[in-house]
Amino acid sequence: MEEVTFDPGLIQAIFKHIWTRRALEREKNEGNDGTDCEVGAGTSKRTRTTSANSNALKLSCELLRIFITEAVQRSAMIAEAEGAGKIEGTHLERILPQLLLDF
């Protein structure tokens with residue numbers, strides 16, 4: 001049975017949103033100083049589009065699935081140790097520093 005994972009189209013849309021926002025911030029910070037860094041014939045770094053191939057998207061989806069699963073499992077352990085019936089934000093806050101270090 002195949003594991004349920006995130007939709008690669010959704011992850012790609014999130015990545016594109018972040019890439020676009022960063023490009024706009026970079027343009028705003030740099031201004032129009034005219035120092036385009038040439039990458040190829042007729043293509044500047046500012047006009048080049050960023051993309052991810054399908055394997056990178058699948059890998060990103062799987063990494064995100066594993067990360068979320070681990071966060072839920074660790075938070076559930078903390079909630080169970082405290083005798084809580086459900087996971088709350090405070091449980092996630094307690095496991096997050098070590099989780100981020102582990103990943």
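Hydrogens, waters and symmetry mates are skipped; everything else that's a heavy atom, side chains included, is used.
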Report whether Leu57 and Leu63 are members of the same hydrophobic cluster (ILVMFWY, side-chain heavy atoms less than 4.5 Å apart, transitive linking). yes
If we only count heavy atoms from C-beta on, is the Leu100 to Phe67 side-chain gap below 4.5 Å? yes
Between Asn29 and Glu25, does any side-chain donor sit less than 3.5 Å from a side-chain acceptor? no
Linking I/L/V/M/F/W/Y whenever any side-chain heavy atoms sit under 4.5 Å apart, do Ile78 and Ile68 land together? yes
Interatomic distance, Thr5 atom OG1 to Lys58 atom NZ [nearest 0.5 angstrom]: 11.0 Å
To check you understand the geometry: which heavy-atom pair defines the closest contact between Ala71 and Leu92, and what is its length? CB-CD1, 4.2 Å
Could you grab the distance from atom CZ of Arg22 to atom NE2 of His17, nearest 0.5 Å is fine? 11.0 Å
So does Glu70 have more than 12 non-hydrogen atoms from other groups sitting under 6.0 Å from CD? yes
Working to the nearest 0.5 angstrom, can you tell me the gap between Ile87 CD1 and Ser75 OG? 5.5 Å
Do Leu59 and Leu10 share a hydrophobic cluster (ILVMFWY, side-chain heavy atoms under 4.5 Å, transitive)? no
Just how far is it from atom CD of Glu88 to atom CD of Glu93, taken to the nearest 0.5 Å? 10.5 Å
Looking only at heavy atoms, the pair that brings Pro8 and Cys61 closest together is CA-SG, 3.6 Å
Heavy-atom side-chain proximity of His91 to Arg74 below 4.5 angstrom: no
Could you grab the distance from atom OG1 of Thr90 to atom CD1 of Ile95, nearest 0.5 Å is fine? 11.0 Å
Are Leu64 and Phe103 co-members of a hydrophobic cluster defined by side-chain heavy atoms under 4.5 Å apart? yes
Do Ser51 and Phe15 come within less than 4.5 Å of each other through their side chains, counting heavy atoms only? no
